[in-house]
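Predicted model only: the values in this text are computed from it and were never measured. In what follows, chains carry the letters A, B, and so on, assigned in the order in which the sequence lines appear, proteins first and then strands, with residues in each chain numbered from 1.
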2 protein chains.
Amino acid sequence: MPSSAKPPGGPAIHAINPWVVGNLKPGARHQLLSDDERAQLARISSIVRFKKGEQIYNKGDPADAAFNIVSGVVTIYPELSGKHRHVGAFLYPGDIFGLSEEGFYTNASGATTPVVAYRMPMHALRRLLASRPDLDVDVIVKLCEELRQAQRHSLVLARKKAVPKLAMFLDLQEHLQMLPGEPAAAAIYLPMSRSDIAAYLGLTLPAVSRAFRKLVSDKVIAFRDRQHARIVDRKAFEGIADAEDRLGA
Amino acid sequence: MPSSAKPPGGPAIHAINPWVVGNLKPGARHQLLSDDERAQLARISSIVRFKKGEQIYNKGDPADAAFNIVSGVVTIYPELSGKHRHVGAFLYPGDIFGLSEEGFYTNASGATTPVVAYRMPMHALRRLLASRPDLDVDVIVKLCEELRQAQRHSLVLARKKAVPKLAMFLDLQEHLQMLPGEPAAAAIYLPMSRSDIAAYLGLTLPAVSRAFRKLVSDKVIAFRDRQHARIVDRKAFEGIADAEDRLGA
DNA sequence: CGCTGGCTTGATTCTATTCAATTTTCGTGG
DNA sequence: CCACGAAAATTGAATAGAATCAAGCCAGCG
């Protein structure tokens, strides 16, 4: 665990900054931390790697560290219950997880792709936060971001019909994947399994499959392969994603 | 708006404290703020009242203040869209809202019952937070609480069948209404309209009505009046609330 | 006292679940 | 590198449960 070989320059927190109103274009995600702050965090962090499918921590485990994703995708499971396993969130580089509980983790998490992350021991993190008031403002901002994220998830779950649900989900993932700087990816990357998508949307696997089929056969989206969807008809897509639940196509 | 007649002793934040592991019993809500902190907050706050049904602020309004509920119930609407109006949360005394955005509110809120609240101007609040590092720890704690709340909401929304959904909702509301100190209320108070419950659960009004009917006719709950439900058969109730979705009664 | 809006209840339609069979994909070991 | 086996995904048919449409009920309020 030597932090000798650290890739970019320390932990990075990506978020839509809700405080600053000026120069930054709204809706885009930015790096919240200054180089100095990242260096501070890097000093207490170690780099960890997880294989695809590997569990990172389980609900109820003693929570000794928080994580910051460098690369890969992490899935959060709010409950461990064998069946009926709901998916709480899909996390991307720049996101933080394992926070929000002292003592024990309140949810489980797993690596959906191979994952590289910073591991930040809680005790060191708290010491750092206490000595750097500007840092906990960033934490607050990040928490607000996650809250908005969770609220969007609720909005998706509240939709009754499968096709709009799925369209909204794709829209969400696309926004999440817009990285700071880069313009717009050609395809939406879907590294998670169809069952995980189903669990995230509150649908069954077959329902998700059929909804995808419909979107494809209606020429709204197209698949390059199982993991890469491209939006063919943006107009129709948005119409479906934010249509009131009645009014058919 | 004179803050001369302030009821208890300043703003109060109720939350399940996730940091302290000791003496406090888990699952119970506590007052986070010290008397001193409450006094500080009181100095910058004014007391406001809203009539039942009154809108407190609208999505997109300039956000000049946050609120802390003294008494009454507040409903959060994540979107203003006329139809398909989803309900994001029901808030109780001790909760904070109107936070989490600088510049403009990101959701709408309304008084579901007559509401008394502290109104804390953002500029003063931020100044106070900057000068009192211990206070923003409390804010972080409260945000974590709201996040867990939102995640629980997701869990409820992910349920496919109406009856378990409703049972889970009642369970949630009951926990929310457990005030610091008091033991357990005899009845669950449901001040919100059935349509708001439906919007919160991602169901239609008739579906909610039928689900209530079933719970009542199965002797699991009983109504004292439209607003007060009592759990008659706690065993069966919990069985329904956390049953896997298949296996019927 | 009658009205209005929220709630309940009923009949029908529609869509997602469920159960189940088949195909594809992917990881493993030969 | 290919072949195999297991897990995931697709597809199909039948069912169940909620949405929808619509009518009547109850309660609060002028």
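- If you take NZ of B:Lys52 and C1' of D:dA27, they are 11 Å apart, rounded to a whole angstrom.
- Atom P of nucleotide D:dA8 and atom CZ of A:Arg85 are separated by 10 Å, given to the nearest angstrom.
- Straight-line distance from the CZ atom of B:Phe223 to the C1' atom of C:dC7: 12 Å, rounded to whole Å.
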Only pairs under 3.5 Å count here: list side-chain donor-acceptor contacts from residues 207-216 of chain A, not counting sequence neighbours, and write none if there are none.
none

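- A search for side chain to side chain contact (heavy atoms under 4.5 Å, CB included) contacts involving A:Ala187 returns A:His228, not counting sequence neighbours.
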Review point. Taking protein heavy atoms under 4.0 Å as touching, what does nucleotides 11-18 of chain D look like 5' to 3' if B marks base contact, S marks sugar-phosphate-only contact and - marks none?
Key: BBB---SS
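- At whole-Å resolution of the value, CD in B:Gln227 and C1' in D:dG28 are 12 Å apart.
- Computed from coordinates, the A:Leu201 CG to C:dT15 P distance equals 18 Å when rounded to whole Å.
- Rounded to an integer number of Å, the gap from CG of B:Leu190 to P of C:dC7 is 11 Å.
- Every ring pair (Phe, Tyr, Trp, His ring centres under 6.0 Å) that B:Tyr200 has, sequence neighbours left out, goes to B:Phe90, B:His153, B:Phe169.
- Pairs engaging residues 53-73 of chain A under the salt bridge (charged side-chain N to carboxylate O under 4.0 Å, His left out) rule: A:Asp64-A:Arg119 [sequence neighbours left out].
- Remark: P of D:dA27 and CZ of B:Arg226 are 7 Å apart, rounded to the nearest angstrom.
- Applying the 4.0 Å criterion to OP1 and OP2 of D:dT10, one finds that A:Arg194 has a side-chain N or O inside that range.
- Residues satisfying the ring pair (Phe, Tyr, Trp, His ring centres under 6.0 Å) criterion with B:Phe237, sequence neighbours excluded, are absent altogether.
- At a cut-off of 3.5 Å, with distance as the only test, no side-chain donor of A:Tyr189 or A:Gln173 sits close to an acceptor on the other residue.
- Atom pair A:Phe212:CZ and D:dT10:P shows a separation of 8 Å (rounding to whole Å applied).
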